Amino acid sequence: MSNTLQKLSKRRWWYLMPIIFITYSLAYLDRANYGFAAASGIEQDLNISKSTSSLIGALFFLAYFFFQVPGSIYAVKRSVRKLIFICLLLWGLCATATGLVSNIPMLMVIRFTLGIVEAAVMPSMLIYISTWFTKEERSRANTFLILGNPVTVLWMSVLSGYLIHAFGWREMFIIEGIPAVLWAGIWWLVVRDKPSEVNWLSQDEKQDLQLAMEKEQQAIAPVRNYGEALRSSSVVLLSSAHALWSIGVYGFMMWLPSIIKSASSMDIVSVGWLSAPPYLAAICLMLVVSWLSDKVQNRKLFIWPLLAVAGLAFTGSFFIGNSHFWVSYGLLTVAAACMYAPYGPFFALIPELMPKNVSGVAIGLINSFGALGAFLGAYFVGFLNGLTGSPNASYCFMAIALLTSVICIYKVKTTASSPSISTKIFTRKAL
């Protein structure tokens, strides 16, 4: 990498990453706090059964599934900036409106609508990153985006516990929905779609970045259209893997407070504190894995082995059950770290397999199947917990899903792009 590009890289990181991180953090804040409401009174106040509560928690992801690809197409052909601005306003209002619901149908409509307006966020942000960051940087850039998930859940777990304790679940939703609406104005003022549109890069820096992006595309086999891309074996396998993987991630994220509360009989503030450490572990491992992935340039090596460990950790929790809470809690922490850590390499892999003309829509499709898995995870984990009165069955469910996703990732055909000896060694081990 040239000295010019190194300077450019630093400037892009400082200008863009805080904005990207905060935006995606707010999205996660407004989708994940339902788990705390479910653990602290919303079911009793609205007379929601356990199975209906699981469905309501999962409806978000069903809408998310259907609107991923349309959102990706708009982001590619029109504007990421405009799309995210509208989404920020709408999801902030939807999240706040959740605190005003008085019946189950109203809550269902709001959760489904929230899924629609947040559906475009993840693929749009990944498309945005692929426009601004090169192959050697993309895993780390993706990780800073996705860190918005565990970092937000980390502090949200504590904040939501205190807000519910001090005010109630309604006030929690209202207070936590307002920041997205305020942030929409900042997003609109600061963000531009392309490097050519900003005034904080020199003309030489813009040209260097453009040349680097064009050089990347020369190494990727051309794909004629969206249909050919979406039918490719790589996209099919990655979509399947992401769906299965998301069963574990979102089953865990949505229902961890309820699992801890049922297993330990703690108050909601203590549940909030205990819900935070798994995400702290995830943050640390995500940063290490993304750095190694960019260094070694073998993405698969930093995806499937970690998912395998997560699946085995859930299996261990299944066998231990509620008899040894702290051992089971430790295994859940390991599972959380290993489920989140591969996200940076995973989403860096897609633009390396698909050319620019189709990679955005491929990202949308793969992420939409992740949303389908999230729906299944959020629904069935909550359903199984309510049906059995114990998280053991859901541990088994999440373990099977994660271990099956390992097979899908392992079967994706890739080629190592770095000529270094270390890369070749790692490639042999991974393949």
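Being a predicted model, the structure only gives us computed values, none of them experimental.
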Notebook entry, point to check: Should V412 and C408 be marked as a side chain to side chain contact (heavy atoms under 4.5 Å, CB included) after you check the CA-CA gap, both sets of side-chain angles, and the distance that decides it?
Noted result: CA-CA 7 Å; V412 174; C408 296; over 6 Å; no
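- S130 and M213 make their closest contact through O-CE, 3.6 Å (heavy atoms, listed as atom of the first residue, atom of the second, distance).
- Under 4.0 Å is where a charged nitrogen must lie from a carboxylate oxygen, and between D294 and R299 at least one such pair does.
- Using the six-membered ring where Trp is involved, Y379 and F383 have ring planes that are parallel, under 30° apart on the 30 and 60° scheme.
- T52 and S49 share a donor-acceptor pair across their side chains, judged by distance under 3.5 Å alone.
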Next item on the list: Begin from the C-alpha positions of W155 and Y279 and carry the test ring-ring contact (aromatic ring centres under 6.0 Å, His included) through to its verdict.
Entry: CA-CA 9 Å; W155 60 261; Y279 297 100; over 10 Å; no
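- With 3.5 Å as the limit, one finds no donor-acceptor pair spanning the side chains of W187 and T23.
- Residues E176 and S160 bring a donor and an acceptor atom of their side chains to less than 3.5 Å of each other.
- Contact of the L349 side chain with the L353 side chain is registered, since non-hydrogen atoms from C-beta on lie closer than 4.5 Å.
- Between Y128 and L16, the closest side-chain pair of non-hydrogen atoms falls below 4.5 Å.
- Remark: the Q203 side chain and the Q207 side chain contain no N/O donor-acceptor pair separated by less than 3.5 Å.
- For R192, the CZ atom counts as densely surrounded, since its 6.0 Å shell holds more than 12 non-hydrogen atoms of other residues, nucleotides or ligands.
- Separation of atoms OG (S139) and CZ (F302) is listed at 9.0 Å; rounding is to 0.5 Å.
- Annotation: F144, atom CZ; neighbour count of heavy atoms from other residues, nucleotides and ligands within 6.0 Å does not exceed 12.
- In summary, E137 and R12 engage in a salt bridge, as defined by a charged side-chain N under 4.0 Å from a carboxylate O.
- With ring centers used as reference points, Y410 lies under 6.0 Å from W304.
- Ring planes of W200 and W132: parallel class, angle under 30° (limits at 30 and 60°).
- For the side chain to side chain contact (heavy atoms under 4.5 Å, CB included) with L238, the qualifying choice from I363, I350, L365 is I350, the only one to do so.
- Taking the ring centre of W188 as origin, the terminal cationic atom of R81 falls inside the region bounded by 6.0 Å and 45° from the ring axis.
- Using a cut-off of 4.0 Å between Lys/Arg side-chain N and Asp/Glu carboxylate O, E216 and R138 are scored as salt-bridged.
- Inter-residue side-chain proximity for I146 and M122 is flagged as met; some heavy-atom pair is nearer than 4.5 Å.
- Taking the six-membered ring where tryptophan is involved, the planes of F347 and Y343 are essentially parallel, since the angle between them stays under 30° and well short of 60°.
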